[in-house]
Asks: 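One structure is given below, represented as structure tokens, and several questions about it will come after.
We use all heavy atoms of the structure for the numbers below, so side chains are in, but hydrogens, waters and symmetry mates are not. Remember, it's a predicted structure, so these values are computed and weren't measured experimentally. Quick note on labels: first sequence line is chain A, next is B, and so on, each numbered from 1.
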There are 2 protein chains.
Amino acid sequence: MAENSTGRGEPSRTLALLWGEPTETPKRKGPPRSVTVDQVVGAALGLADEHGLAAITMRAVAERVGVSAMSVYTYVPGKPELLDLMVDACYAGMTRTPWGRRGWRSRLAAIADTNRELLVAHPWLTEVAALSRPPLGPGVMAKYEHELAAFDNTGLSDVDIDAALTYLLGFVQAHCRSAHDAARATTDTAMSDAEWWAANQAVLARAFDAESYPRAVRIGSAAGGAQGSAWAADRAWEFGLARTLDGLAALIGEQ
Amino acid sequence: MAENSTGRGEPSRTLALLWGEPTETPKRKGPPRSVTVDQVVGAALGLADEHGLAAITMRAVAERVGVSAMSVYTYVPGKPELLDLMVDACYAGMTRTPWGRRGWRSRLAAIADTNRELLVAHPWLTEVAALSRPPLGPGVMAKYEHELAAFDNTGLSDVDIDAALTYLLGFVQAHCRSAHDAARATTDTAMSDAEWWAANQAVLARAFDAESYPRAVRIGSAAGGAQGSAWAADRAWEFGLARTLDGLAALIGEQ
DNA sequence: GTTGTACGACGTACGTTGTACAACGTACAA
DNA sequence: TTGTACGTTGTACAACGTACGTCGTACAAC
């Protein structure tokens with residue numbers, strides 16, 4: 001496997017799986033299928049949610065659904081396509097409440113919050129490259145349609161709407177990815193951020209000339225000391241979301 | 001290897017390497033070292049720049065510098081530490097011109113442009129998680145110090161300066177990561193974006209009800225048709241950078 | 001009822017990854 | 001001259017995705 005990204009399989013085969021394969025005719029030859037595609041995807045989702053993206057191995061998925069490793073390949077062409085199905089299933093499961101009469105700023109904030117909740121529930125999604133060539137399944141389509149509707153009556157052009165949505169989601173993705181990376185760092189290295197910081201500070205103190213980096217020492221120690229804590233993550237979220245919406249406000253205009 | 005992220009090694013050993021290891025005493029026992037740490041890092045950088053992050057294998061690095069695979073481990077504790085050194089070396093190589101009398105918006109735009117150039121020259125950097133627990137070497141420190149200096153006389157607090165810089169760099173990273181993912185998609189799958197789009201459109205056309213997703217069809221086809229092209233990437237960059245600076249302007253205040 | 005055939009399941013195997021380990025040779029210190 | 005510390009290397013292992021071949025099953029045709 002080269003990398004974790006969507007859209008690496010044959011489009012027609014992937015699309016058939018995404019949209020529920022009409023080849024699910026009840027009468028087939030051979031022995032009956034012991035599980036379903038949904039069960040396979042569900043097992044992969046469970047593994048990813050519980051133990052991270054690296055825990056998704058074909059063998060592990062197979063064991064979780066109760067078949068042998070190679071049998072998984074009769075349900076899914078390969079691991080890339082399985083990733084596509086997982087992503088679309090996640091999007092499909094999001095709750096989508098109609099926008100009502102709220103203003104655009106409230107709507108966009110809701111989009112950001114909802115996507116953040118999604119990425120907190122499924123942190124591995126921040127590691128998957130699903131922006132170019134997303135899996136064009138029902139989940140992705142419904143999510144895209146719903147989020148585009150939030151831009152109704154903003155006066156933006158179609159191109160700007162797409163750009164603005166991409167920009168907003170890009171911020172959410174970047175933020176959640178950083179938060180997820182920070183969380184993983186503590187678990188992967190069995191070393192808390194405080195310990196890591198202290199260990200580095202001790203060596204750094206006599207390794208380099210503090211006067212050469214006055215701002216870095218002053219600002220970095222203040223900002224780095226609290227890094228990794230939930231409080232810091234929430235502060236960064238509020239800061240970034242406010243900046244992002246302010247930036248879009250300059251384009252849309254207050255109303 | 002679990003994942004590609006920095007800061008996974010023992011801090012003291014990593015820091016010693018980053019800051020030039022005073023254990024480079026001329027008189028050692030045993031046979032002389034056949035290469036240097038810099039050569040190892042340089043070989044890894046060359047591989048990554050030419051063939052992507054996945055091309056960095058210990059065996060490939062070893063072959064490029066002309067030693068056996070296991071000999072690399074006498075220069076670098078392991079692959080995570082090698083990544084740390086690569087990241088710091090990239091940052092150290094950036095050109096840093098003093099800020100002069102330019103306004104904050106011009107300075108921040110320069111930060112964004114410079115970082116974009118860096119990520120275009122080394123696309124694999126967008127795949128490395130180096131935000132939490134960055135390698136605290138001379139390159140990272142110099143870059144951090146220089147970019148913090150761009151916020152002199154903005155009136156922001158230390159905490160806000162760090163948050164604003166993180167926010168700005170987050171946008172650059174997210175944008176370049178998307179661009180890099182899109183570029184990789186065409187090379188990895190031996191299928192151009194146009195082909196992929198056409199193949200999907202053909203199947204999608206009869207697979208789902210277009211009237212259920214009016215906005216997605218209208219806006220998506222317009223925006224998706226040109227996706228992946230350099231022109232689209234540049235448009236997204238200009239759009240995002242303008243939004244980001246506008247958002248920060250609401251915090252800093254025009255001047 | 002018999003047989004042909006298509007298909008699901010599975011075991012084995014290959015190449016690739018990071019790196020632990022032990023053997024071997026080298027060059028300085030005593 | 002000898003002991004010792006260290007660089008180099010080959011071998012080996014576990015885990016990964018998945019190609020391939022075999023086997024058994026259940027429907028279709030007769």
Side-chain angles (χ1 to χ4, degrees), chain A residues 1-5 8-10 13 21 23-37 39-40 43-44 47-48 51-86 127 188-189, chain B residues 1-5 8-10 13 21 23-37 39-40 43-44 47-48 51-86 127 188-189:
Chain A
M1 282 289 294
E3 230 55 54
N4 299 316
S5 64
R8 317 181 96 260
E10 210 184 353
R13 179 89 174 87
E21 185 137 20
T23 31
E24 287 295 333
T25 50
K27 287 304 157 197
R28 305 178 67 85
K29 292 204 172 184
R33 322 206 68 171
S34 42
V35 294
T36 66
V37 174
Q39 286 176 25
V40 172
L47 281 171
H51 305 107
L53 192 62
I56 308 181
T57 72
M58 298 304 266
R59 290 173 173 85
V61 172
E63 189 182 12
R64 196 174 239 244
V65 293
V67 299
S68 82
M70 290 313 294
S71 290
V72 178
Y73 287 90
T74 64
Y75 297 91
V76 167
K79 201 183 183 186
E81 290 82 357
L82 178 55
L83 260 183
D84 278 357
L85 296 176
M86 292 171 64
E127 303 176 48
D188 285 5
T189 63
Chain B
M1 281 292 294
E3 230 55 52
N4 299 317
S5 63
R8 317 181 94 258
E10 211 185 351
R13 179 91 174 86
E21 184 138 20
T23 31
E24 287 294 332
T25 50
K27 287 303 157 198
R28 304 179 68 86
K29 291 203 173 184
R33 321 207 70 171
S34 42
V35 294
T36 66
V37 175
Q39 287 177 24
V40 172
L47 282 171
H51 304 108
L53 192 62
I56 309 182
T57 72
M58 298 304 267
R59 287 173 175 85
V61 172
E63 189 182 12
R64 196 173 239 246
V65 294
V67 299
S68 83
M70 290 312 296
S71 287
V72 177
Y73 289 89
T74 64
Y75 298 91
V76 167
K79 202 182 183 188
E81 290 82 357
L82 178 56
L83 260 183
D84 278 358
L85 296 177
M86 291 170 66
E127 304 175 49
D188 285 5
T189 63

Asks: Can you check the A:Tyr73 OH to C:dC10 C1' distance for me, whole Å?
Replies: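 Going from OH in A:Tyr73 over to C1' in C:dC10 covers 14 Å.
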
Asks: Whole Å only: how far is the CG atom of A:Leu82 from the C1' atom of D:dT18?
Replies: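 Atom CG in A:Leu82 sits about 14 Å away from atom C1' in D:dT18.
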
Asks: Would you say that more than 12 heavy atoms from the other residues, nucleotides or ligands in this model lie under 6.0 Å from the CD of A:Gln39, or not?
Replies: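 More than 12 within 6.0 Å, yes.
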
Asks: Which one, C:dC7, C:dG18, D:dT18, comes nearest to the side chain of A:Pro80?
Replies: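 Given the options C:dC7, C:dG18, D:dT18, the side chain of A:Pro80 is closest to D:dT18.
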
Asks: Please give, in whole Å, the distance from D:dG17 C1' to A:Arg59 CZ?
Replies: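 Nearest whole value for this atom pair: 7 Å.
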
Asks: Map B:Gly78 and B:Pro31 onto DNA chain C by nearest heavy atom, then report which one ends up closer to the 5' terminus.
Replies: B:Gly78

Asks: Between atom NZ in B:Lys29 and atom P in C:dA27, what is the gap in whole Å?
Replies: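 To the nearest whole Å, that distance equals 14 Å.
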
Asks: Could you tell me whether the phosphate oxygens of D:dT9, OP1 or OP2, come under 4.0 Å of any side-chain nitrogen or oxygen in B:Ser68?
Replies: yes

Asks: Would you mind pulling out the nucleotide paired to D:dT9, Watson-Crick or G-U wobble, both distances under 3.5 Å?
Replies: C:dA22

Asks: Donor-acceptor check, side chain of A:Tyr75 to backbone of A:Val35, threshold 3.5 angstrom: yes or no?
Replies: yes

Asks: Measure NZ/A:Lys79 against P/D:dG17 and give the value in whole Å, please.
Replies: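 Distance, rounded to whole Å: 4 Å.
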
Asks: Whether A:Ser34 contacts C:dA9 is assessed here as follows: a side-chain N or O lying under 4.0 Å from the phosphate OP1 or OP2. Is that the case?
Replies: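 It does, given that an N or O in the side chain of A:Ser34 lies less than 4.0 Å from OP1 or OP2 of C:dA9.
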
Asks: So which heavy atom on B:Arg59 is nearest to which on B:Ala69, and how close?
Replies: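 Looking at all heavy atoms of both residues, the shortest contact is CG-CB, 3.9 Å.
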
Asks: On the nucleotide C:dC10, are OP1 or OP2 found under 4.0 Å from the side-chain N or O atoms that A:Ser71 carries?
Replies: yes

Asks: Whole angstroms only, please: what is the CG-P distance between B:Leu83 and C:dT19?
Replies: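 Distance, rounded to whole Å: 11 Å.
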
Asks: What integer distance in Å separates B:Glu63:CD from D:dG10:C1'?
Replies: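 That distance rounds to 16 Å.
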
Asks: Counting only side-chain N and O atoms of A:Thr74, is one of them less than 4.0 Å from OP1 or OP2 of C:dA9?
Replies: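 So the side-chain polar atoms of A:Thr74 do come within 4.0 Å of the phosphate oxygens OP1 or OP2 of C:dA9, strictly under.
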
Asks: Look at the side chain of B:Arg33 and decide which nucleotide, out of D:dT9, D:dG7, C:dG18, has an atom nearest to it.
Replies: D:dG7

Asks: Which residue lies toward the 5' end of DNA chain D, B:Met70 or B:Pro32, if each is placed at its nearest nucleotide?
Replies: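 Its nearest nucleotide lies further toward 5', so the answer is B:Pro32.
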
Asks: Within this structure, what is the OH-to-C1' distance between B:Tyr75 and C:dG18, rounded to whole angstrom?
Replies: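 For the pair B:Tyr75 OH and C:dG18 C1', the rounded distance is 19 Å.
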
